[in-house]
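Notes to accompany the following structure.
The figures here come from the full heavy-atom set of this structure, side chains too, leaving out hydrogens, waters and symmetry mates. Computed from a predicted structure; not experimentally measured.
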There are 2 protein chains.
Amino acid sequence: MKNKIVRIKDIAEKAGVSPGTVDRVLHNRGRVSDEARTKILGIVKELKYEPNLSARVLGTNRLYRLAALIPDASVDFYWDAPRRGVEKAESDLKQYGIAVEQYIFDPYNVDSFLDKASQVSEANPDGILVAPIYYREALPFFQDWSARSIPFVLFNTQLSDYNPLSYIGQDSYQSGMLAGKLAHYGQGTSGTILLAHIDEDISNSAHLIRKEQGFNDYFKQNGLSQYNIIRAELNRADLSGFHYGLDSLMASHPDLKSIYITSSKAYTVATYLEQKDITGINLIGYDLLPENIDYVNKGIIRFLINQNSKGQGYWGIYQLTHHLALKRAVDSVKYLPLDIVTKENIEYYIDKE
Amino acid sequence: MKNKIVRIKDIAEKAGVSPGTVDRVLHNRGRVSDEARTKILGIVKELKYEPNLSARVLGTNRLYRLAALIPDASVDFYWDAPRRGVEKAESDLKQYGIAVEQYIFDPYNVDSFLDKASQVSEANPDGILVAPIYYREALPFFQDWSARSIPFVLFNTQLSDYNPLSYIGQDSYQSGMLAGKLAHYGQGTSGTILLAHIDEDISNSAHLIRKEQGFNDYFKQNGLSQYNIIRAELNRADLSGFHYGLDSLMASHPDLKSIYITSSKAYTVATYLEQKDITGINLIGYDLLPENIDYVNKGIIRFLINQNSKGQGYWGIYQLTHHLALKRAVDSVKYLPLDIVTKENIEYYIDKE
DNA sequence: TTGTACGCGTTATCAG
DNA sequence: CTGATAACGCGTACAA
């Protein structure tokens, strides 16, 4: 009852041709008679042939050069995790003949993005992983890569222009909805709830807009009209303005119950609350930055929604590798879970090693 | 600037010996002169040689037979997920020359376990994955496998007797703590909270005992002595007794706030609450069984802690494969995250496909 | 104690 | 259009 593995040679024998011909059929390198082709394809189906990936990798002794176009972690530490994910994937998958070159741009500087993206285009890699945080500016590059048939994978920000190979990340709308639930849960029956963007250019950031929609819709869909939902855009470039803005929000809304920060910057508000010794506010944010972890453990941040940004980097490289080196089909969208992180379970989300 | 891959042949050349000798050193097959050995090992370190797994798999054309000793999903549907995980891993990893044979036992019948475990021992597999839900009865088998140097991986229940290759699953104690937090969160300042085991033989189930400890310690450590924590062991074998037990618990504790079910059986209590039209109780349980998912969506189960049981099966086979076929080091404990699942994020935990 | 030669399944090249 | 054949890197049997 041995389940023999079907090899190309087996197919060739059964079809009365040589392995070379089978190979040409399987890879559509043309120049095969129609009768041979149909016969071979039939046998392939019948025998359920599956290529041996080890042999494939060994045989095609080819190096695929991947480019990772990601923001600078020394400017915004949020981007440290994706970088580590990319590096872990590279080390796990280099067996399959991939090498990743990182192109690091300044997330607060469009020109830097344009510059690095151009470098990627010039380098003519075999595949690209990119965090398209600048929507408008990214589009021409997508067009270029698309025209040159260079597969590219998006992470962090979901866009579907020019048909990316894949998107890796969260469903931003649902993420906002979940934040609404967490902001609402256990907060009594009425009050003010604040949504705040920090240091962001909203109009050019598709994913933040979708988070905001989801958040608002949570309250609408659940008929929670007794809550007063307000929004703010705060910027730490002007630190006194940042504090002043928070001061006046607190003053004008004494019934403030929850604050939802749409990015990984919840720790900035936590610092403010701590300094002013304000307690009893349900603070919700994103991502396991060291500062955020601290404030979760202190009880000042109540919930973090984990975006698994390391996983986003990892899976991005993973998808490119599977597509290019292993010639496997990949999902065009890979939504990662909306993990709820609290003091009690945070340890199991922090990267060991 | 090409990062050339280091092959055995390269090392041999540099050491002035033949590839065969290098191979003998790398695999400790002895019969190598000491000077050759030290020289080769030095070069291996220096050049950071890493074996090419594709070539290895292709070369050693060996089949590793793995045994999966898991409970019957048709008796308790909880075990469907691990089985699917095992099967997915088998399909993902069969490239590396593994084949998994399943040995399915009845989770409510010790004899069935003993029978199947004996079959596993007789089959003399290369590696074993087992859910040791019967503690006492599992030990002699561990001893046997250990003596025969058959690596075995535990999942679902953490035991450390006889040195398993690895444990995959949750930290049960922390899981209980998290349940305490969820049972407490947003429930006012006092009241009764119930912990219930359903259909379980507690004394022989190490993980349930640890969950209970964690749960109790949450309230102790946070000084929540104003809560009245009670416990119950319920059994559906006697269904009217099951209902009667719940009836009397409800009657004698009108201030009941939360119910924590230590297993995947929360749906049974949800059904009861639904039938009796009791609302306002914060019900917490485990795992994304179809029935539980239903009750989360209906709002009767408030929180589920996801134990990622499919992942447990998957990673178990994964660890065995990496250890045996790829000869890679594996972690001796792999704690999976304590995922908090609510109506709003449940979709991202339900298996697609 | 050591070296050599072959096979694993696939791909790529070259000759027909 | 097709068939034969040489890699790819490792493991192993056999010869020296």
Side-chain angles (χ1 to χ4, degrees), chain A residues 2-41 43-44 47-64 94-98 324-328, chain B residues 2-41 43-44 47-64 94-98 324-328:
Chain A
K2 260 196 87 162
N3 230 348
K4 275 195 77 168
I5 282 182
V6 199
R7 292 128 60 234
I8 283 188
K9 201 193 284 184
D10 301 321
I11 298 172
E13 266 175 33
K14 191 153 184 174
V17 298
S18 83
T21 305
V22 177
D23 179 72
R24 277 181 281 270
V25 171
L26 288 173
H27 295 81
N28 291 318
R29 313 194 215 278
R31 299 176 311 189
V32 175
S33 69
D34 273 349
E35 61 169 336
R37 153 165 288 112
T38 49
K39 185 162 191 184
I40 288 170
L41 285 178
I43 298 178
V44 164
L47 265 46
K48 293 187 193 140
Y49 166 77
E50 288 184 37
N52 180 320
L53 299 188
S54 297
R56 164 125 84 206
V57 167
L58 201 58
T60 67
N61 198 19
R62 153 142 205 219
L63 185 71
Y64 292 92
K94 63 165 180 278
Q95 294 284 342
Y96 300 124
I98 59 140
L324 291 167
L326 304 181
K327 303 202 170 21
R328 286 192 149 184
Chain B
K2 257 196 88 159
N3 232 350
K4 274 194 75 165
I5 281 182
V6 206
R7 294 131 54 234
I8 284 188
K9 199 194 285 185
D10 300 321
I11 297 172
E13 267 175 32
K14 193 155 183 176
V17 297
S18 81
T21 306
V22 177
D23 178 72
R24 277 181 281 270
V25 170
L26 288 173
H27 295 81
N28 291 317
R29 310 195 218 279
R31 298 176 310 190
V32 176
S33 69
D34 273 349
E35 63 169 335
R37 153 166 287 111
T38 51
K39 187 163 190 183
I40 287 171
L41 285 178
I43 299 178
V44 164
L47 264 46
K48 292 187 193 140
Y49 166 76
E50 288 183 38
N52 181 320
L53 299 188
S54 298
R56 163 131 77 206
V57 168
L58 202 57
T60 69
N61 200 18
R62 157 144 202 217
L63 184 72
Y64 292 92
K94 63 165 181 277
Q95 293 285 341
Y96 300 123
I98 57 139
L324 291 168
L326 305 181
K327 304 206 170 16
R328 288 193 150 184

Kindly give the heavy-atom pair with the smallest separation between B/Leu326 and B/Tyr96, and that separation in Å. CD2-CD2, 3.8 Å

Inter-axis angle, terminal five-pair segments of the helix from C/dT1-D/dA16 to C/dG16-D/dC1 [nearest 10°]: 50°

List the atom of A/Ala325, the atom of A/Tyr64, and the distance in Å for their closest heavy-atom pair. CA-CE1, 3.6 Å

Which whole-number value in Å describes the distance from A/Ile40 CD1 to D/dG3 C1'? 12 Å

Assign B/Val57 to base, sugar-phosphate, or nothing according to its heavy-atom contacts below 4.0 angstrom with the strands shown. nothing

Can you check the A/Leu326 CG to C/dG9 C1' distance for me, whole Å? 15 Å

Quick one: does B/Tyr49's side chain get under 4.5 Å of B/Ile43's, heavy atoms only? no

Side chain proximity check, B/Glu50 to B/Val6, heavy atoms < 4.5 angstrom: no

Starting at the 5' end of nucleotides 8-16 of chain D, put B wherever the base has a protein heavy atom under 4.0 Å, S where only the sugar-phosphate does, and a dash everywhere else. BBSSB----

Send over the distance from A/Lys327 NZ to C/dG9 C1', rounded to a whole Å. 15 Å

Identify the heavy atoms of A/Ile40 and A/Thr21 that sit nearest to each other, and give their distance. CD1-CG2, 3.9 Å

Distance check needed: C/dT11 C1' versus A/Leu324 CG, whole Å only. 17 Å

Do the side chains of A/Leu26 and A/Ile8 get nearer than 4.5 Å, heavy atoms only? yes

Give me the atom names and distance for the closest heavy-atom approach of B/Ala12 to B/Ser18. CB-C, 3.6 Å

With side chains defined as the heavy atoms from C-beta onward, is the minimum distance between A/Asp10 and A/Lys14 less than 4.5 Å? no

